[in-house]
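Start at 1 with the first residue, then count along the sequence. Please read all numbers here as calculations on a predicted model, not as lab measurements.
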Amino acid sequence: NTAMAAQMSDAHRRFLQVLMSHGIMEGSEARKLHRRCCEISKVYYAHDKLDDFITTINIQLQPLFMQIRKGMSEVDGRAHYALVNLAETEITKMASDYAENELELFRKTMDLIILSENGFASSTDILNFADQLKTKKMKKKEAEQVLKIFVDDKWLSERNGEYTLHTRCIMEMEQYILSTYQDMAKKCNICHSLAIQSQACETCGTGMHLPCVGKYFKAQTKPRCPQCNDFWPHEIPVTIKKREQKRAS
């Protein structure tokens, strides 16, 4: 009965509150939370019905222009759930949280990440923009602080001085990025969602997420581009599957 399905229970409300405070959550965490919320609220828990449970919340969120979305980590291909805002483009949403020159630094960082080969921008390259900002110049120290805040707020993630877009940021901004960077933004040839950290065919430019590359080429001894069939010249990432195998067995 769909009328029943659309009713929010305390379990749904609790789930939403926790997800709101985290902003984003790995699939395994979301499954644990689903179970906990049902147990606390003493409502029936169906372990394979997390997506239905979330759909019920999403129906209630529609008038608020919010949505819980399912996405994928570009690092290991694991599912994530994030609460995203549909009413505002990410830049207007961020505008209420950051100063104009901080936003300009973020846009510059985004340009560098999306124009890069591999989906990363070095801190050196980003910091070089700090004293060229049109809104208001920043000192390097200040810019370093701002980057740290972007990481804490889950807009960027950082690894060894290299920055990329956080999973939550990609989920929230996919449409914005695809329309802003029409010619540059790559969609993954395998899962068809936006690919930031990716590999691309040197012949035809076809791009793929690293986890998708790993899965796609797993059984192939001589990896070839799915589009033009030319040799795939990159190192194939090893897929992280141990945890899932344990669960399946």
Side-chain angles (χ1 to χ4, degrees), residues 19-26 64-67 69 71-76 80-188 193-200 205 207 209-210:
L19 184 60
M20 274 174 91
S21 68
H22 287 261
I24 187 166
M25 215 174 236
E26 202 185 292
L64 306 172
F65 300 104
M66 312 268 310
Q67 190 183 59
R69 264 195 200 149
M72 177 186 88
S73 154
E74 294 199 328
V75 181
D76 56 22
H80 281 68
Y81 291 88
L83 185 67
V84 301
N85 188 324
L86 309 173
E88 309 165 305
T89 63
E90 78 28 87
I91 292 291
T92 49
K93 179 171 185 285
M94 290 178 82
S96 55
D97 296 328
Y98 306 102
E100 279 190 345
N101 61 344
E102 295 172 344
L103 275 184
E104 193 185 342
L105 189 70
F106 181 78
R107 282 202 202 93
K108 290 272 183 240
T109 304
M110 206 162 171
D111 290 347
L112 288 169
I113 289 170
I114 286 165
L115 295 173
S116 72
E117 287 288 294
N118 60 356
F120 283 92
S122 74
S123 58
T124 319
D125 289 348
I126 300 168
L127 294 173
N128 282 341
F129 278 113
D131 55 0
Q132 299 168 30
L133 297 174
K134 292 183 178 65
T135 43
K136 182 171 168 252
K137 292 178 174 43
M138 262 185 220
K139 292 194 171 69
K140 279 217 163 70
K141 266 271 168 280
E142 195 187 339
E144 279 169 0
Q145 271 310 106
V146 172
L147 285 176
K148 192 182 171 313
I149 293 167
F150 284 138
V151 170
D152 290 343
D153 292 349
K154 301 189 175 112
W155 293 111
L156 297 175
S157 37
E158 182 265 340
R159 211 168 60 224
N160 312 325
E162 299 271 315
Y163 290 84
T164 188
L165 301 182
H166 193 286
T167 304
R168 173 181 164 212
C169 173
I170 295 170
M171 288 167 74
E172 181 123 14
M173 295 194 200
E174 182 164 18
Q175 286 324 111
Y176 171 85
I177 293 170
L178 289 170
S179 58
T180 309
Y181 300 92
Q182 276 169 354
D183 305 331
M184 290 86 76
K186 288 192 277 278
K187 271 193 166 179
C188 175
S193 59
L194 174 68
I196 304 291
Q197 290 179 54
S198 56
Q199 292 180 354
H209 286 119
L210 301 184

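- Nearest approach of Trp155 to Cys169, heavy atoms of both residues: O-CB, 3.3 Å.
- Annotation: side chain of Leu112 is not in contact with side chain of Tyr163 (no heavy-atom distance under 4.5 Å).
- With a 4.5 Å cut-off on side-chain heavy atoms, Thr180 and Ile114 do not count as touching.
- Side-chain atoms of His209 come within 3.5 Å of backbone atoms of Leu194 as a donor-acceptor pair (strictly under, hydrogens ignored).
- Side-chain atoms of Gln197 do not come within 3.5 Å of backbone N or O of Thr164 as any donor-acceptor pair.
- Checked by atom type and distance alone, the side chain of Arg69 never pairs as donor or acceptor with a backbone atom of Val84 at under 3.5 Å.
- Crowding of Glu144 atom CD: a count of heavy atoms from other residues, nucleotides or ligands under 6.0 Å exceeding 12.
- Nearest heavy-atom pair, Leu83 versus Met20, reported as atom, atom and distance to 0.1 Å: CD2-CG, 3.2 Å.
- Salt bridge annotation for Glu104-Arg107: absent, with no cationic side-chain nitrogen under 4.0 angstrom from a carboxylate oxygen.
- Residue Ala82 comes nearest to Ile24 through the heavy atom pair CB-CG1, 4.0 Å, listed as atom of the first residue, atom of the second, then distance.
- By the neighbour-count criterion of 12 heavy atoms within 6.0 Å, atom NZ of Lys154 is densely surrounded, having more than that number from other residues, nucleotides or ligands.
- Between Lys148 and Asp152 there is a salt bridge, with a side-chain nitrogen of the basic residue lying less than 4.0 Å from a carboxylate oxygen of the acidic one.
- Within 6.0 Å of CD in Gln132 there are more than 12 heavy atoms belonging to other residues, nucleotides or ligands.
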